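Each remark here refers to the structure printed beneath this line.
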Amino acid sequence: MVAVTDPESEFARAVWLIVGSIPPGRVCAYGRVAALAGYPRHARHVGKLMGRLPAGSSLPWFRVVRADGHLPVGARQQQHLEREGIQITGGRVSLRHYGWPDPGNL
DNA sequence: GCTCTGACGAAGT
DNA sequence: AACTTCGCCAGAG
């Protein structure tokens, strides 16, 4: 039995696949990624996996944000997002950038 | 086993 | 609109 937080787990594979397919200019919540991966209510484990990513990873981890749009104070994540045209005001991502993979369910 | 913790989330105040 | 509480699931001690 491989733990879901293990990089070799199906959960981890699914999460990476999903995160890697988030297009520039869009963001996705942890909980949403978990649900898409087939594991609802596992938002925190997505976070745990992001934390384990190697420094040189090509995965756009910075496009995964909290559901309420709030970012950690002083996060370099903010610079990456703004560079892609994602608007950040008052330390949180504008909700209009959500809606991946279905822009219609905002 | 039990408690604490966490790149979280939703509901209540 | 800011803050608190509670629910969530696994891993660590």
Side-chain angles (χ1 to χ4, degrees):
Chain A
M1 177 60 179
V2 184
V4 293
T5 52
D6 194 296
E8 296 183 45
S9 69
E10 285 303 313
F11 177 64
R13 292 171 181 270
V15 166
W16 291 336
L17 215 53
I18 292 162
V19 172
S21 63
I22 302 175
R26 287 224 102 108
V27 297
C28 193
Y30 291 95
R32 184 69 80 89
V33 171
L36 289 169
Y39 291 75
R41 302 180 294 287
H42 284 230
R44 313 179 77 141
H45 301 305
V46 174
K48 192 158 284 192
L49 284 171
M50 293 299 109
R52 296 193 63 175
L53 286 176
S57 174
S58 59
L59 229 64
W61 54 269
F62 50 85
R63 295 185 192 130
V64 184
V65 301
R66 286 178 58 134
D68 60 7
H70 202 249
L71 294 172
V73 179
R76 295 206 303 283
Q77 180 178 20
Q78 181 169 338
Q79 302 305 317
H80 282 139
L81 294 172
E82 289 181 318
R83 196 183 310 162
E84 294 191 340
I86 291 172
Q87 183 180 13
I88 298 176
T89 56
R92 64 169 201 77
V93 175
S94 297
L95 299 179
R96 109 169 68 99
H97 296 291
Y98 286 77
W100 183 89
D102 178 9
N105 65 5
L106 290 174

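Values in this document were obtained by computation on a predicted structure and should not be read as measured data. Below, chains carry the letters A, B, ... as their sequence lines are ordered, and counting in each starts from 1.
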Just how far is it from atom [atom1] of [X] to atom [atom2] of [Y], taken to the nearest 0.5 Å?
| X | Y | atom1 | atom2 | answer |
| --- | --- | --- | --- | --- |
| I22(A) | F62(A) | CD1 | CZ | 9.5 Å |
| L95(A) | Q87(A) | CG | CD | 10.5 Å |
| D6(A) | R13(A) | CG | CZ | 10.5 Å |

V65(A) vs Y98(A), side-chain contact (heavy atoms from CB on, under 4.5 Å): CA-CA, chis, key distance, verdict:
CA-CA 10 Å; V65(A) 301; Y98(A) 286 77; 3.0 Å; yes
Nearest-Å distance for atom pair [atom1]/[atom2], residues [X] and [N]:
| X | N | atom1 | atom2 | result |
| --- | --- | --- | --- | --- |
| Y39(A) | dC8(C) | OH | P | 19 Å |
| L95(A) | dA1(C) | CG | P | 11 Å |
| Y30(A) | dC9(C) | OH | P | 19 Å |
| F11(A) | dC8(B) | CZ | P | 13 Å |
| R44(A) | dT5(B) | CZ | C1' | 8 Å |
| L71(A) | dA7(B) | CG | P | 14 Å |
| H70(A) | dA1(C) | NE2 | P | 14 Å |
| D68(A) | dA7(B) | CG | P | 15 Å |

On a whole-Å scale, what distance lies between the C1' atoms belonging to dG13(C) and dA7(B)?
22 Å
So, is T5(A) close to the dA10(C) phosphate, meaning a side-chain N or O under 4.0 Å from OP1 or OP2?
no
Side-chain N,O (R66(A)) to OP1/OP2 (dC8(B)) below 4.0 Å:
yes
Side chain of [X], heavy atoms from C-beta onward: which of [options] has the nearest atom to it?
| X | options | result |
| --- | --- | --- |
| A67(A) | dA10(B), dA7(B), dG11(C) | dA10(B) |
| K48(A) | dA7(B), dG11(C), dC8(B) | dG11(C) |
| H42(A) | dA10(C), dA7(B), dC8(B) | dA10(C) |

Taking atom types as they are modelled, would you say the side chain of R41(A) forms a donor-acceptor pair with the base of dC8(C) within the 3.5 Å cutoff?
no
For the side chain of H45(A) and the base of dC9(C), is some donor closer than 3.5 Å to an acceptor across the two?
yes
Heavy atoms under 4.0 Å, any strand shown: does G31(A) hit a base, just sugar-phosphate, or nothing?
sugar-phosphate
What's A29(A) touching, base or sugar-phosphate or nothing? Going by heavy atoms closer than 4.0 Å.
sugar-phosphate
Does the side chain of V15(A) come within less than 4.5 Å of M50(A)'s, by heavy atoms?
yes
